[in-house]
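In each ligand, atom 1 is the first atom listed, and ligand 1 is the first ligand listed.
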Amino acid sequence: MSVAKKQYKRITTKSLVEMKANGEKIAMLTAYDYTMAQIVDGAGIDVILVGDSASNVMAGHETTLPITLDQMIYHAASVVRGIERSLVVVDLPFGSYQSDPKEALRSAIRIMKESGGHAVKMEGGKEIKESIKKILNAGIPVMGHLGLTPQSIYKFGTYTVRAKEDQEAEKLKEDALLLEKLGCFAMVLEKVPAKLAKEVAESVSIPIIGIGAGNGVDGQVLVTHDMLGMNHVFNPRFLRRYADLHGEMTKAFEGYKNDVKSKNFPTDEEQY
Ligand code: KIV
């Protein structure tokens, strides 16, 4: 069943703002490669995020910090080759935009030129204001990211829910208004209380895409490998699994192994 209010041939940053104005929720998922991007795009997902979660999911790092700009560009270019309709947003990785606005702009330009992605995503508010401005001034759309910002994990010390205390909640609200004022077209709110996320969503006209931020926001994002159940170890409360691919894939690999070992594969029909 489709609940889209308007058919979009291609999703743009403008479509997302329009969706919010029309009360249509935005569906966003991650992808890091061509094949997955083709499937996600074909399923009608509005936004594909080439997240720096590739650092964890694809490369097996404990955090998102090690992934490089070159590696993000490789993933993003693969995704762009697989899509027809979705908007592709690419994470600026840790270390590629925090030092100064000129370097931030250089990094964003590399992503746009070398991957063909449609927008960049950056973690933080006031602290990175000048970098966001510089990138926006170059005509590159920026998606913000507030709340739990995994690139700052060593500052937080934990992946627990953010902005539960008044002071942090106030800063988050101020940052959200600032991102809107600067000209960001949307922002991710990660792991914050649902009541706060709803308040933020109602205070700005740009879409708020939540992950672990409740149902009062304008859209949702999940890491595709998590929602497909490709791992069994990551179990946050906000994660809904739509498949058990870990189980299905294990069954398929074991079936193949057994067929090879028992000389049941290939058969006469499967050879030349
Ligand atoms: O890198 C990522 O996948 C993300 C999402 C969790 C929002 O930033």
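For ligand 1, the atoms closer than 4.0 angstrom to any heavy atom of H145 are 8 (O). Atoms of ligand 1 lying under 4.0 Å from at least one heavy atom of T30, given by number and element, are 3 (O). Atoms of ligand 1 found under 4.0 Å from any heavy atom of G51 (numbered from 1 in listed order, with element): 1 (O), 2 (C), 3 (O).
At least one N/O-N/O distance between S53 and ligand 1 falls below 3.5 Å. Polar contact check, D52 against ligand 1: a nitrogen or oxygen pair lies under 3.5 Å apart. Between D91 and ligand 1, a contact under 3.5 Å exists for at least one N or O pair.
At the shortest separation from atom 4 (C) of ligand 1 among protein heavy atoms lies L49 CD2, 3.5 Å. Counting protein heavy atoms only, atom 8 (O) of ligand 1 is closest to K121 NZ, 2.9 Å.
In this structure, M28 has no heavy atom closer than 4.0 Å to ligand 1.
A centroid separation of less than 6.0 Å is found between the aromatic rings of Y32 and H225.
Between the side chains of D33 and S78, no donor-acceptor pair of N or O atoms lies under 3.5 Å.
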* Asked: Which is it for K198 and E202 under the salt bridge (Lys or Arg N to Asp or Glu O under 4.0 Å) test, yes or no, and what are the steps along the way?
  -> CA-CA 6 Å; K198 184 168 185 284; E202 285 168 356; 2.9 Å; yes

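Ion pairing between a basic and an acidic side chain is recognised when a charged N comes within 4.0 Å of a carboxylate O; R106 and E103 show no such pairing.
Proximity of V260 to F265: side-chain heavy atoms (C-beta onward) are separated by under 4.5 Å at one or more points.
Partners of Y8 by side chain to side chain donor-acceptor pair (under 3.5 Å), not counting sequence neighbours, listed by chain and number: E18.
When heavy-atom distances to ligand 1 are checked against a 4.0 Å cut-off, I211 comes that close only through its side chain, counted from C-beta outward.
Considering OG of S15 and CG of D46, their distance stands at 8.5 Å, rounded to 0.5 Å.
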